[in-house]
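First up is the structure itself, then whatever we jot down about it.
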Amino acid sequence: EPAGHHILLLEKLQAVSRGDLDRLAVFMPPGAAKSTYSSILFPPWFFAQKPDACLIAASHTQELAEKWGRRVRNLIGEFPGVLGYGLSADNQAAGRWATSSGGQYFAAGVGGAIAGRRADLVVIDDPVRSREDADSEVVRDKVWDWYKSDLYTRLKPGGKIILIQTRWHEDDLAGRIL
């Protein structure tokens with residue numbers, strides 16, 4: 001059963017989907033279920049609301065981004081009757097797939113190539129891997145440059161961004177955006 005902070009998070013995710021919020025930053029400690037709600041459960045629901053949306057899901061590594069993508073894809077495959085759509089039969093890779101209603105999902109690691117992609121929604125979950133990386137100015141600069149030059153430029157007009165992370169450093173991605 002969702003705790004109070006989960007209910008607040010779900011309300012804010014719904015506000016993004018409705019268009020009431022263009023940007024949402026979620027800062028919670030490890031183990032608070034922020035990824036479960038935002039990166040795994042929210043995308044299938046979002047596609048049910050916006051059937052032909054394009055979503056880019058990013059994380060500190062391609063491997064983690066694809067892990068989220070696999071879990072989202074599997075939920076959609078398991079519950080097409082509940083969601084009102086299923087998976088497109090022609091592409092079902094963990095990090096790149098489409099829905100039967102025209103939605104597109106693309107997983108990317110921070111620093112990875114996303115050229116040629118466009119997004120109605122970007123979900124960035126854990127852009128840095130550890131406290132050690134957060135303490136590295138080189139890593140923070142790399143994440144920031146990727147966000148500004150690659151990811152942000154992929155947004156369609158009216159596109160939305162959700163950033164989910166534990167704050168490890170005041171100059172992390174969230175700190176620079178703020």
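Below, all heavy atoms of this structure are taken into account, side chains as well, without hydrogens, waters or symmetry copies.
Here the straight-line distance linking atom CG of Leu151 with atom CD1 of Ile161 works out to 6.5 Å at 0.5 Å rounding. The line from NZ of Lys148 to CG of Leu173 is 11.5 Å long, rounded to the nearest 0.5 Å. To the nearest 0.5 Å, the span separating CZ on Phe42 from CG on Leu9 amounts to 9.5 Å. The line from CG of Leu24 to CG of Asp20 is 12.0 Å long, rounded to the nearest 0.5 Å. For the atom pair CG (Asn74) and CZ (Arg70), the distance works out to 8.0 Å, reported to the nearest 0.5 Å.
Between Val143 and Asp145, the closest side-chain pair of non-hydrogen atoms is not below 4.5 Å. Annotation: side chain of Tyr37 is in contact with side chain of Pro2 (closest heavy-atom distance under 4.5 Å). Between Ile40 and Leu75, some side-chain heavy-atom pair lies under the 4.5 Å cut-off. Taking 4.5 Å as the limit, every side-chain heavy atom of Gln165 sits out of range of all side-chain heavy atoms of Val26. In this structure the side chain of Ser101 never reaches within 4.5 angstrom of the side chain of Phe47, judged on heavy atoms. Within the 4.5 Å cutoff, no side-chain heavy atoms of Thr99 are placed close to those of Pro51. Counting only heavy atoms from C-beta outward, the side chains of Ile7 and Glu11 approach each other to under 4.5 Å. Between Ile162 and Ile124 the shortest side-chain heavy-atom distance does not fall below 4.5 Å.
Listed here is the closest heavy atom pair of His169 and Asp171: ND1-N, 2.9 Å. Closest of all the heavy-atom pairs between Pro127 and Ile164 is CD-O, 3.9 Å. In terms of heavy-atom proximity, Trp68 sits nearest to Ser59 at NE1-OG, 4.1 Å. Residues Arg23 and Lys160 share a closest heavy-atom pair of NH1-CA, 3.9 Å. In terms of heavy atoms, Thr166 sits closest to Pro29 at OG1-C, 3.7 Å. Of all non-hydrogen atoms in Ala65 and Ala57, the two that sit nearest each other are CB-O, 3.9 Å.
At most 12 heavy atoms of other shown residues, nucleotides or ligands fall within 6.0 angstrom of atom CZ in Arg96. Sparse packing is recorded around CD of Glu63, with 12 or fewer heavy atoms of other residues, nucleotides or ligands lying under 6.0 Å away.
When atom types are taken as modelled, the side chain of Glu66 and the backbone of Gly109 share no donor-acceptor pair closer than 3.5 angstrom. Within the 3.5 Å criterion, the main-chain N or O of Gly86 finds a donor-acceptor partner in the side chain of Ser100. A donor-acceptor pair under 3.5 Å is formed between the side chain of Trp146 and the backbone N or O of Gly112. Side chain of Ser38 to main chain of Ser35: no donor-acceptor pair is present (N/O by atom type, distance under 3.5 Å, no hydrogens or angles). At distances below 3.5 Å, not a single donor-acceptor pair connects side-chain atoms of Arg154 with backbone N or O atoms of Arg118. Remark: side-chain polar atoms of His6 are not paired, donor with acceptor, to backbone N or O of Glu1 under 3.5 angstrom. Within the 3.5 Å criterion, the main-chain N or O of Trp45 finds no donor-acceptor partner in the side chain of Lys50.
Under a hydrophobic-cluster definition in which Ile, Leu, Val, Met, Phe, Trp and Tyr are linked whenever side-chain heavy atoms come within less than 4.5 Å, directly or via other members, Val122 and Tyr152 are assigned to the same cluster.
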_Please evaluate residues Leu55 and Phe106 with respect to the criterion side chain to side chain contact (heavy atoms under 4.5 Å, CB included), reporting the C-alpha separation (whole Å), side-chain torsions for both, the decisive distance (0.1 Å), and the verdict._
CA-CA 6 Å; Leu55 190 153; Phe106 184 75; over 6 Å; no
*Verdict with supporting geometry, Tyr105 and Ile76, side chain to side chain contact (heavy atoms under 4.5 Å, CB included)*: CA-CA 12 Å; Tyr105 185 101; Ile76 293 168; over 6 Å; no
*Could you go step by step and tell me if Lys12 and Val16 meet the side chain to side chain contact (heavy atoms under 4.5 Å, CB included) rule?*
CA-CA 6 Å; Lys12 297 301 180 183; Val16 170; 5.9 Å; no
_Using side-chain hydrogen bond (donor to acceptor under 3.5 Å, both in side chains), reason through Lys34 and Ser39 one step at a time and then give a plain yes or no._
CA-CA 8 Å; Lys34 60 191 175 296; Ser39 292; over 6 Å; no
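Taking a cutoff of 4.0 Å between a charged side-chain nitrogen and a carboxylate oxygen, Arg140 and Asp172 do not qualify as a salt bridge. Between Arg176 and Asp141 there is a salt bridge, with a side-chain nitrogen of the basic residue lying less than 4.0 Å from a carboxylate oxygen of the acidic one.
Residue pairs meeting the salt bridge (charged side-chain N to carboxylate O under 4.0 Å, His left out) criterion with at least one member in residues 120-134, sequence neighbours excluded: Asp120-Lys156, Arg129-Asp133, Arg131-Asp135.
Checked against ring-ring contact (aromatic ring centres under 6.0 Å, His included), Trp144 has the following partners two or more places apart in sequence or in another chain: Tyr147.
Both cation-pi conditions hold for Arg167 and Phe27: the charged atom is under 6.0 angstrom from the six-membered ring centre and inside a 45 degree cone around its axis.
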